[in-house]
Participant: 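Take a look at the following structure, please.
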Amino acid sequence: MNAIVAVDKEWAIGKDNNLLFSLPLDLKDNFRKMTLNKVVIMGANTFKSLPNGALPKRINIVLDSKGTQYDNAVTVTSLDELLQYVSQYSTDDVFVCGGGVVYKLLLPYCHKAYVTKVDAVGNGTVFFPNLDDNKDWQCVSTLPTVIDNGYNTAVSVYVNNALTEQ
């Protein structure tokens with residue numbers, strides 16, 4: 001399992017159930033390319049915030065403790081049910097994509113995190129755990145900076161050493 005996220009300088013990811021920045025290049029060249037024909041996991045609020053519903057050409061899984069059913073998505077109601085469901089897929093083909101509660105819950109199960117860092121402060125209220133301050137996570141590569149919609153962005157890849165050492 002992997003995490004994929006865009007964060008600001010303070011590791012904020014959102015505010016009022018919206019992303020902090022519009023990053024069309026990152027969505028197309030990073031998020032879309034990495035998740036196309038793969039499995040994406042999200043919470044109910046993140047799913048509801050998608051402008052066109054389920055992400056096309058992906059298996060959408062919504063973690064919703066209430067068991068609400070969503071169009072073109074698989075609903076799971078617990079961590080155990082989710083882990084059992086995704087066990088049928090390769091670790092490399094499963095991506096956690098939000099929101100904050102789901103990231104925090106699933107990050108210990110993620111082998112890698114693909115973090116687009118935005119060189120700005122978005123005044124967010126929802127945060128992704130700061131992997132630079134987490135002894136289990138190590139940044140193994142960072143792509144060159146790209147200007148995306150006026151923002152300097154760079155994708156960093158982190159590995160979860162707690163999982164790779166097992």
Participant: Closest approach of Val126 and Gly100, non-hydrogen atoms and distance?
Facilitator: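 Looking at all heavy atoms of both residues, the shortest contact is CG1-CA, 3.7 Å.
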Participant: Have a look at Ile61 and tell me which of Val86, Val94, Val40, Thr75 forms a side chain to side chain contact (heavy atoms under 4.5 Å, CB included) with it.
Facilitator: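 Answer to the side chain to side chain contact (heavy atoms under 4.5 Å, CB included) test with Ile61 among Val86, Val94, Val40, Thr75: Val86.
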Participant: Show the nearest heavy-atom pair for residues Cys139 and Thr142, with the distance to one decimal.
Facilitator: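 Looking at all heavy atoms of both residues, the closest pair is SG-OG1, 3.6 Å.
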Participant: Looking only at non-hydrogen atoms, find the nearest pair between Asn149 and Ser22 and report the distance.
Facilitator: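 Here Asn149 and Ser22 meet closest at ND2-O, 2.9 Å.
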Participant: What distance separates Leu50 CG from Asn45 CG, expressed to the nearest 0.5 Å?
Facilitator: 11.0 Å
Participant: Which atom names give the shortest non-hydrogen contact between Val102 and Met42, and what distance separates them?
Facilitator: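 Answer, listing the atom of Val102 first, then Met42: CG2-C, 4.2 Å.
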Participant: Measure the shortest side-chain to side-chain distance between Leu55 and Thr35 over non-hydrogen atoms and say whether it is less than 4.5 angstrom.
Facilitator: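 No. Closest side-chain heavy atoms not under 4.5 Å.
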Participant: Taking all non-hydrogen atoms of both residues, which atom of Asp8 and which atom of Ala120 are closest, and how far apart?
Facilitator: CB-O, 3.1 Å
Participant: Is the backbone of Asn18 close enough, under 3.5 Å, to the side chain of Asp16 for a donor and an acceptor to pair up by distance?
Facilitator: no
Participant: Donor-acceptor pair, Asn152 side chain versus Thr145 backbone, under 3.5 Å?
Facilitator: no
Participant: With distance as the sole criterion, is a donor-acceptor pair present between the side chains of Thr153 and Asp26 under 3.5 Å?
Facilitator: no
Participant: Are Val62 and Val5 connected into the same hydrophobic cluster when the rule is that any two of I, L, V, M, F, W, Y join if their side-chain heavy atoms are below 4.5 Å apart?
Facilitator: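 No, Val5 and Val62 fall in different hydrophobic clusters.
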Participant: So do Ile4 and Asn30 actually touch side chain to side chain, heavy atoms under 4.5 Å?
Facilitator: yes
Participant: Aromatic rings Tyr114 and Phe95: how do their planes relate, parallel, tilted or perpendicular, breaks at 30° and 60°?
Facilitator: tilted
Participant: Starting at NZ of Lys117, measure out to CG of Asp132 and round the result to the nearest 0.5 Å.
Facilitator: 4.0 Å
Participant: Distance from Leu25 atom CG to Thr116 atom OG1, nearest 0.5 Å?
Facilitator: 11.0 Å
Participant: What I'd like to find out is whether the side chain of Pro129 reaches to under 4.5 Å of the side chain of Trp137, using heavy atoms alone.
Facilitator: no
Participant: Shared ILVMFWY cluster between Val74 and Ile41, side chains joined below 4.5 angstrom?
Facilitator: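 Yes, Val74 and Ile41 fall within the same hydrophobic cluster.
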Participant: Output the distance between atom CD (Gln138) and atom CG (Asn160), rounded to the nearest 0.5 Å.
Facilitator: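 Going from CD on Gln138 over to CG on Asn160, the span is 11.0 Å.
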Participant: Taking the side chain as every heavy atom from C-beta outward, state whether Lys9 and Asp119 have any pair of such atoms under 4.5 Å apart.
Facilitator: yes
Participant: Assess whether side-chain contact (heavy atoms from CB on, under 4.5 Å) is satisfied between Leu82 and Leu106, documenting all intermediate values.
Facilitator: CA-CA 10 Å; Leu82 173 69; Leu106 296 179; 3.6 Å; yes
Participant: Under 6.0 Å from the CD atom of Glu81, do we count more than 12 heavy atoms belonging to anything else shown?
Facilitator: yes
Participant: Looking only at atom types and distance, does a side-chain atom of Asp136 sit under 3.5 Å from a main-chain N or O of Ala162, one as donor and one as acceptor?
Facilitator: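 No; judged by distance alone, with no hydrogens or angles, the pair does not exist.
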Participant: Would you find a donor on one side and an acceptor on the other, under 3.5 Å apart, between the side chain of Asn72 and the backbone of Ala54?
Facilitator: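 Pair absent, no side-chain N/O of Asn72 close to backbone of Ala54.
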Participant: With the side chain counted from C-beta on, respond yes when Tyr103 and Ile13 share a heavy-atom pair under 4.5 Å apart, and no when they do not.
Facilitator: yes
Participant: Quick check for you: to the nearest 0.5 Å, what is the distance between Tyr85 atom OH and Ile59 atom CD1?
Facilitator: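 One gets 5.5 Å once the value is rounded to the nearest 0.5 Å.
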Participant: Give a yes or no on whether the backbone of Gly67 and the side-chain of Gln69 come within a donor-acceptor separation of less than 3.5 Å.
Facilitator: yes
Participant: Looking just at side-chain N and O atoms, do Asp64 and Tyr70 make a donor-acceptor pair shorter than 3.5 Å?
Facilitator: yes
Participant: Do Leu63 and Leu83 share a hydrophobic cluster (ILVMFWY, side-chain heavy atoms under 4.5 Å, transitive)?
Facilitator: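 Yes, same cluster.
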Participant: Any side-chain heavy atom of Cys110 within less than 4.5 Å of one from Val96?
Facilitator: yes
Participant: Quick one: do Leu105 and Trp11 end up in the same hydrophobic cluster if we chain Ile, Leu, Val, Met, Phe, Trp and Tyr together by side-chain heavy atoms under 4.5 Å apart?
Facilitator: yes
Participant: As an exercise, state the distance from CG of Asn2 to CE of Met34, rounded to the nearest 0.5 Å.
Facilitator: 6.5 Å
Participant: Quick check on the hydrophobic clustering: are Val159 and Met1 connected, directly or via other members, by side-chain heavy-atom contacts under 4.5 Å?
Facilitator: no
Participant: Which atom names give the shortest non-hydrogen contact between Leu143 and Ala154, and what distance separates them?
Facilitator: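 Looking at all heavy atoms of both residues, the closest pair is O-CB, 3.7 Å.
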